[in-house]
Amino acid sequence: MEHRLTNSEVAEILQRIADMLEIKGEVVYKSLAYRKAAQNIVGLGRDINEVWAEGKLRDIPGVGEALAKKLDELLRTGRLQYYEDLQEEIPDGVVSLLAIPEVGPKTAKLLWERLGAMSVADVERAAEAGRLRQLPGLGARSEQRILEGIRALNRRSSRISLGMAWPVAIELLDQLHQLQGVEKVSPAGSLRRMKATIGDLDLLAAARDGESVTAAFVRFPQVAEVVLQGPTKATVVLHNGLQADLRVLPRERWGSALQYFTGSKEHNVSLRGLAQARGLSLSEYGYRRDSEEILCPEEEDVYRLLGLPWIPPELREDRGEILAAEEGRLPDLVEVADIRGDLHSHTDWSDGVASVEAMAEGAEALGYEYLVISDHTRALGVANGLSPERFREQRKLIDRINARSRGFRLLQGCELEICADGSLDFPDEVLAQFDLVVASVHSGLRQEREKITERVLKAVRNPHVDVIGHLTGRLLGQREPSAVDVEAVLQEAARTGTAIEVNGIPDRLDLDDVHIQRAIELGVLLSIDSDAHSVEAFRAMSYGVATARRGWASAAQVLNTRSLHELQLWLRRRGGAS
DNA sequence: GCCGTTTTCGGCCCGACTGTTTTCAGTCG
């Protein structure tokens, strides 16, 4: 096989098939089935090629006989006849029209059949020429909306990182909370589930008079444009280009509303399935049994009526959390308060902006017991990597700071370069001098799978290496993850006891949630780090913790929830220095 | 196309908003 398809490539093909089936006008449940399977393949946590090789495709939820057969053909040959036949019937250009807001499968088909539109640009031209309003079911207003949709599409900067979205949302929620009659506010949607990237800001408010709240909301200074506005919801585009959706519900329906709008959609679908089995119908307004209404003022009420414990939002991706809740084996998720120290940080000795002293003070102010200063090693010239001699000097400074501090302790580490040629930047005798070593790849990220995997495995097997930093090297929206065989690294890390980092920098969040869940399954120890290059950047820890929670991690599985003493014991047993 | 303490066939979640509609279809989340 010339190219091994990744999970997301396979899922993408299934999603496109679903798109084409919708345009064809097939029964909706068929395309839903394709989408569900695609979702589960993305959330698999392991390489679908391996699942295929084991003959276990049918074990993937949502994959039945027909899909297993198609996936087998796709993974075996790299092609899928069914998909190619569909492409003959529905050109890719028609599918691409679905990217336009306001254009769904019905409209796409109409535009294609009646106007021959095969691209977004075709639709834009037709709309500008006033030809859309002549189509059945469309009028001048629809034409205008579609045109606006295309303009929004052209300027849309896709999804933004959680770290960018979160502060913006909190500010809007603060303003909402100050409005007359607003009793409660909360983030909802992917924001509340702490997904790595956020499409729209979903905001929720409890108030009796929704009309006045949405009216005030659309006049907030951050708002550039009002997309829609009604008595219970409003959608706006902010000056920074983000879209924000606000929903307003009365206080007595807060629980069901918050649950509903937090999603995920898949989680909610499964939940409604459970409700139905009990003769209940669930919506954002509460439960209904025939004509009787059951209100849920708190989110716990929604779950309790189904006999379930409250499920943390980070788990609500329909990746087994409902079954786990039913069986009483939901994980006790790690929290920011569990974190006792940070194992990865930089100072102005390499590419950080703060002094060792300032970083130490910052970490102590956060209530940490310890901080590992882990500046870059010499091979990373662009980051002013340090030589062994410079590290020895830095050690003296760290010793001095420790000598005058009480309770808090600095440890000296390094972020050891895993060089492109597969070597480690320092020999073992130098590595033995550090309290803790984080080893990371910063170069040769485009190497082929075997080569880059072998580099990382070498670091995992080195007894002086304690943590593998940002394993895949992905930068959200900028750089795809490297081809590294995550499964192989995780398995080896489970064997050697090496910790794998969950890097909290919002653009990284690496490992990602799906692989964290797999790491937990394999018993791999995690280290949640801020990788801070400044004092303010310590706060990235919270995004790292959120990502670990999304991967079902509990405190026991996270190295830096341990006390200084326990950490030092762990380091000593690993055979490194300290 | 999937799936089964209702079922191997017949279900498959629910509602807001908008526009072109004389009662509803399409899109979105």
Side-chain angles (χ1 to χ4, degrees), chain A residues 14 17-18 21-40 57-71 82 97-111 132-146 148-149 152 188-191 193 198-204 210-211 214 226-235 243-249 253 256-257 259-288 307 318 326:
Chain A
L14 297 188
I17 290 175
L21 293 174
E22 282 182 357
I23 293 170
K24 273 185 67 166
E26 283 275 359
V27 285
V28 291
Y29 299 110
K30 196 160 164 175
S31 50
L32 273 176
Y34 276 87
R35 294 197 195 283
K36 184 149 203 160
Q39 207 102 38
N40 289 329
L57 285 175
R58 297 268 326 240
D59 287 0
I60 303 171
V63 174
E65 195 184 338
L67 270 172
K69 211 168 149 218
K70 291 192 172 79
L71 287 171
Y82 177 69
L97 303 184
L98 297 176
I100 306 172
E102 311 294 329
V103 173
K106 299 289 189 293
T107 310
K109 187 178 191 197
L110 186 72
L111 293 169
L132 263 48
R133 64 184 72 184
Q134 296 157 11
L135 298 174
L138 297 183
R141 303 288 292 273
S142 304
E143 186 175 82
Q144 191 55 33
R145 284 178 78 87
I146 289 172
E148 278 164 16
S190 52
L191 196 62
R193 303 200 312 281
I198 307 296
D200 306 329
L201 303 182
D202 284 307
L203 311 175
L204 203 62
E211 193 95 54
T214 56
V226 182
V227 178
L228 61 85
Q229 181 192 349
T232 68
K233 66 180 279 190
T235 298
Q243 181 171 304
D245 293 334
L246 170 68
R247 263 92 174 189
V248 189
L249 281 105
R253 300 181 195 272
S256 40
Q259 194 291 318
Y260 180 87
F261 291 115
T262 296
S264 68
K265 203 173 163 187
E266 293 74 23
H267 174 88
N268 287 357
V269 167
S270 292
L271 220 54
R272 288 205 201 86
L274 278 188
Q276 240 194 356
R278 292 163 185 253
L280 294 165
S281 157
L282 174 62
S283 78
E284 61 264 50
Y285 297 104
Y287 285 102
R288 243 183 2 228
D318 200 25
E326 282 177 322

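For clarity, every value in this text was computed on a predicted model and none was experimentally measured. By convention in this document, chain letters (A, B, ...) are assigned in the order of the sequence lines, proteins followed by strands, and residues within each chain are numbered from 1.
- If you check every strand for non-hydrogen atoms under 4.0 Å, A/Lys265 touches a base.
- Ionic pairing of A/Glu22 and A/Arg35 is present here: one or more N-O contacts between side-chain nitrogen and carboxylate oxygen are shorter than 4.0 angstrom.
- Across all strands shown, A/Ile100 has heavy atoms under 4.0 Å from sugar-phosphate atoms exclusively, and none from any base.
- Here A/Thr107 lies in heavy-atom contact (under 4.0 Å) with sugar-phosphate atoms only.
- Within the 4.0 angstrom heavy-atom criterion, only backbone atoms of the sugar-phosphate kind lie near A/Val63; the bases stay farther away.
- In summary, the side chains of A/Asn268 and A/Gln259 do present a donor paired with an acceptor at a separation below 3.5 Å, with no hydrogens or angles considered.
- Between A/Arg272 and B/dC13 there is no side-chain polar atom (N or O) within less than 4.0 angstrom of OP1 or OP2.
- When heavy atoms are screened at a 4.0 angstrom cut-off, A/Leu32 is found touching no nucleic acid atom at all.
- Nucleic acid contact for A/Lys70: sugar-phosphate only, since backbone atoms but no base atoms lie under 4.0 Å from a heavy atom of the residue.
- At the heavy-atom level, A/Phe261 lies nowhere under 4.0 Å from the strands shown.
- If you check every strand for non-hydrogen atoms under 4.0 Å, A/Ser31 touches nothing.
- Within 4.0 Å of A/Pro136, counting heavy atoms only, lies no atom of the nucleic acid at all.
- Residue-level contact check: A/Ala140 touches the backbone only, with heavy atoms under 4.0 Å from sugar-phosphate atoms and none from bases.
- Base pairing analysis places B/dA16 opposite B/dT27; the two distances defining the Watson-Crick or G-U wobble pair are each below 3.5 Å.
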